Asks: 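I have a structure I would like to understand better, so I am pasting it below and will then ask my questions one at a time.
Model, not experiment: these values are computed from the prediction. Lettering of chains follows the sequences in order, A, B, ..., and the numbering in each one begins at 1.
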Amino acid sequence: MPFDLPIRKIIHVDMDAFYASVEQMDNPLLKGKPVAVGGGGKRGVVSAASYEARKFGVKSAMAGNLASKLCPELIFVRPNFERYSEISKQIRSIFFDYTDLVEPLSLDEAYLDVTENKNGNPSASLIAKEIRTRILNEVGLTASAGISINKFIAKIASDYNKPNGQKTVNPEEVLEFLEQLDIRKFYGVGKVTAEKMYQKGIFTGLDLKQKSIDYLDANFGKSGRYYYHIVRGIHTSEVKPDRTRKSLAAERTFSENLSSEVFMLEKLEHIAEEVSRRLNKSKVAGKTVTLKIKYSDFTLHTRSKTLKFFISDKSVIFETAKDLLYQEKLNNSVRLLGISLSNLNTEKKEKPKEKKSVSVQLEFKF
Amino acid sequence: MKFIVSSTYLLKQLQILGGVINNSNTLPILDNFLFDLDETELTVSASDLETTMSSTLNVESDSKGSVAIPARLLLDTLKTFPEQPLTFVVEDNNTIEISSNHGKYALAYADGNEFPNAVSLEDPSKTVVVGDVLATAISKTIFAAGNDDLRPVMSGVFFQFSTEGLTFVATDAHKLVKYTREDVKASQVAEFIMPKKPLNLLKGILAGSEDDVTIEYNDSNAKFTFENSELICRLIDGKYPNYEAVIPKENPNKLTIARTQFLNSVKRVSIFSNKTTHQIRLKIAGAELNISAEDIDYSNKAEERLTCDYQGDDLQIGFNSRFLTEMLNNLSSDEVQLEMSLPNRAGILTPIDGLDEGEQVTMLVMPVMLNN
């Protein structure tokens with residue numbers, strides 16, 4: 001073995017075109033047709049596209065009008081998140097029949113650590129197969145799975161035989177698998193980093209592996225060390241079953257770009273209200289308010305402020321966001337505004353203090 | 001050195017001066033009263049180096065001299081006498097002998113020259129205020145001053161004199177009181193921060209007094225002269241925070257309510273509040289004020305409903321009940337107004353009635369953030 005870490009068995013289960021498949025399942029008229037969930041409005045963005053739609057090049061996060069240009073027959077459906085979350089719960093309950101170490105990443109994907117599973121099944125590949133069969137039989141949807149020794153490789157693998165397939169990367173295949181892997185496939189390498197790597201002649205895992213840790217440190221900062229390790233199959237991140245929410249946000253893309261702060265305030269108030277509603281629904285409060293501004297030229301700016309106390313009240317969120325908005329002059333017209341609250345009181349380190357932080361005496365800001 | 005003085009007359013003055021003396025002094029001489037005799041004029045002083053206070057008494061004497069007499073011993077002795085003349089005689093063996101109707105008492109004294117001299121004020125400015133006005137200004141504000149050694153400026157009361165009037169401000173960063181007298185004016189603009197100790201002394205002495213108090217001050221010291229007494233103290237050095245900036249300008253939510261009723265409810269409900277935060281919750285909707293408190297640790301809970309006059313949006317705001325109680329207690333009006341804007345902005349408490357012409361009181365209290 002090239003590494004002395006204990007071998008784990010991690011499955012990454014990823015539902016196939018989840019939102020779109022749910023819609024097709026619930027509405028037989030949509031079956032076999034190109035469907036896009038979301039993206040209906042003037043500036044809407046597609047949240048998910050069915051496989052029929054993907055053939056035309058429709059992808060998630062694509063602007064609705066571009067999608068309909070690519071695929072004129074595309075059917076836009078309004079998202080119904082309650083329904084998705086209901087189905088997601090059903091699927092999750094299947095996972096729990098095998099292991100308690102389930103880390104949901106979103107409604108449609110999750111990591112499972114089956115190193116020790118409830119059925120005593122030594123083969124993670126067979127467990128994955130069984131889970132996928134059960135999801136199909138009990139829920140009616142198809143899923144893909146990636147099986148390997150860590151979360152990072154499992155996630156890449158689940159994409160290999162998508163849709164409705166699975167891929168196992170055995171411990172002895174790990175290094176070879178990573179070496180031939182396109183650098184863009186590495187989780188954590190986005191467009192910008194990929195570009196940077198290309199310039200340095202790094203195109204595959206093998207190229208990456210030949211760079212020294214110091215070189216990566218110098219060129220990619222903190223992430224350098226991460227890349228150095230993952231390409232060697234070392235990724236120790238555990239499957240965290242009690243993954244707690246770290247932030248909560250709401251945002252709006254406007255049908256017309258806004259250039260006057262007065263109009264933005266009105267929108268901002270609605271966004272604050274939405275954030276507050278979501279906070280209260282999840283019974284959390286946060287300390288850090290971040291204002292997200294996307295200008296008409298698509299440049300993205302964020303400004304944030306951390307308060308001394310937890311807030312969930314609409315008016316306070318709005319006030320803080322307003323201060324952030326006025327903090328600096330806007331340098332262009334704005335297409336999107338968003339508010340997110342982080343530093344939530346659900347975060348673990350806050351827990352022992354929770355009782356004390358129930359109330360905070362405020363001070364004058366002299 | 002010899003003088004004869006009435007026992008109660010002397011005791012009354014010494015008890016006031018005794019307030020200056022610290023319980024434990026690094027300089028032993030400060031445990032004494034300084035007796036400075038100039039024939040019929042006896043000036044008695046006490047000091048803690050920061051504050052020096054002295055009073056002049058009329059006594060029967062034809063001698064001069066200066067001695068420092070142990071304060072505790074003298075006060076304890078004087079307290080026991082019924083009214084009678086006492087004769088003080090300085091003996092050669094470094095003792096002072098007091099003769100009463102009952103007998104003789106000898107106390108060791110120190111040389112008056114050892115006693116630190118009070119600072120003299122170099123070219124001071126001057127303002128004259130009626131004693132009771134000053135006492136009221138102090139008692140309205142001093143409770144709001146802080147005790148934080150790290151922020152010494154806030155441990156005093158800010159005197160802001162101008163030709164428009166006098167303003168007194170105290171804050172501990174949680175609550176703030178601004179007391180203004182537009183009927184008393186200073187000849188020129190001046191600002192200084194008075195420490196609490198001398199103010200407490202002045203408050204006690206001057207309450208109800210119709211006599212004028214002359215206040216002289218420069219950058220480092222202030223001197224208060226009244227009747228037969230004077231008090232000189234060192235000012236707190238530093239810049240007072242810009243308190244005007246923290247007074248919210250727009251407060252759309254206005255609550256008017258009977259003061260004692262509000263106070264009594266707050267006091268009662270606060271018994272059930274958490275013992276460290278003293279947090280109570282005010283919920284205002286329509287003409288109803290709901291005051292509640294909860295101590296989750298002990299499952300104690302209380303809630304009261306009061307009718308009030310309210311203009312504004314429905315609001316929920318938390319306060320430390322001790323601050324509210326102190327502030328409401330300090331006011332004397334029948335009705336008070338509480339103005340608020342947001343649950344994280346200061347509430348402004350003002351009396352509706354009972355103020356003198358030209359008198360103004362503004363109290364601010366910062367809320368406690370509620371976590372629903």
Asks: I need the B/Asn344 CG to A/Asp313 CG distance, nearest 0.5 Å.
Replies: 8.0 Å
Asks: Please say whether more than 12 non-hydrogen atoms of neighbouring residues, nucleotides or ligands are located less than 6.0 Å from CD in B/Gln311.
Replies: no
Asks: If you count heavy atoms of other groups shown closer than 6.0 angstrom to CD of A/Glu238, is the number above 12?
Replies: no
Asks: If you round to the nearest 0.5 Å, how far is CZ of B/Arg345 from OG of A/Ser315?
Replies: 9.5 Å
Asks: Please report the interatomic distance CG(A/Leu362) to NE2(B/His174), rounded to the nearest 0.5 Å.
Replies: 8.5 Å
Asks: Using a 3.5 Å distance criterion without hydrogens, assess whether the side chain of A/Gln361 forms a donor-acceptor pair with backbone atoms of B/Met366.
Replies: yes
Asks: Please check if the number of heavy atoms outside A/Phe96 that lie under 6.0 Å from its CZ is greater than 12.
Replies: yes
Asks: Side chain from CB out, backbone as N, CA, C, O: work out which of these in B/Ala173 comes under 4.5 Å of a heavy atom of chain A, or both, or neither.
Replies: both
Asks: Which bit of B/Thr276 is near chain A, if near means a heavy-atom gap under 4.5 Å: side chain, backbone, both or neither?
Replies: neither
Asks: For B/Val246 and A/Lys365, work out which heavy atoms get closest and say how close.
Replies: CG1-O, 3.6 Å
Asks: So does A/Lys281 have more than 12 non-hydrogen atoms from other groups sitting under 6.0 Å from NZ?
Replies: no
Asks: Just wondering, more than 12 heavy atoms not from A/Lys283 lying within 6.0 Å of its NZ?
Replies: no
Asks: How about B/Val368 and A/Val360: do any of their side-chain heavy atoms sit closer than 4.5 Å?
Replies: no
Asks: Nearest 0.5 Å, please: how far is CZ in A/Phe366 from NZ in B/Lys239?
Replies: 11.5 Å
Asks: Heavy-atom count check: over 12 atoms from other residues, nucleotides or ligands less than 6.0 Å from A/Arg78 CZ?
Replies: no
Asks: Does atom CD (A/Gln327) have a neighbourhood of more than 12 heavy atoms from anything else shown, all under 6.0 Å?
Replies: yes
Asks: Above 12 or not: heavy atoms from other molecules or residues under 6.0 Å from CD of B/Glu164?
Replies: no
Asks: Which bit of B/Phe319 is near chain A, if near means a heavy-atom gap under 4.5 Å: side chain, backbone, both or neither?
Replies: neither
Asks: Give, as side chain, backbone, both or neither, the part of B/Asn242 having an atom under 4.5 angstrom from any heavy atom of chain A.
Replies: backbone
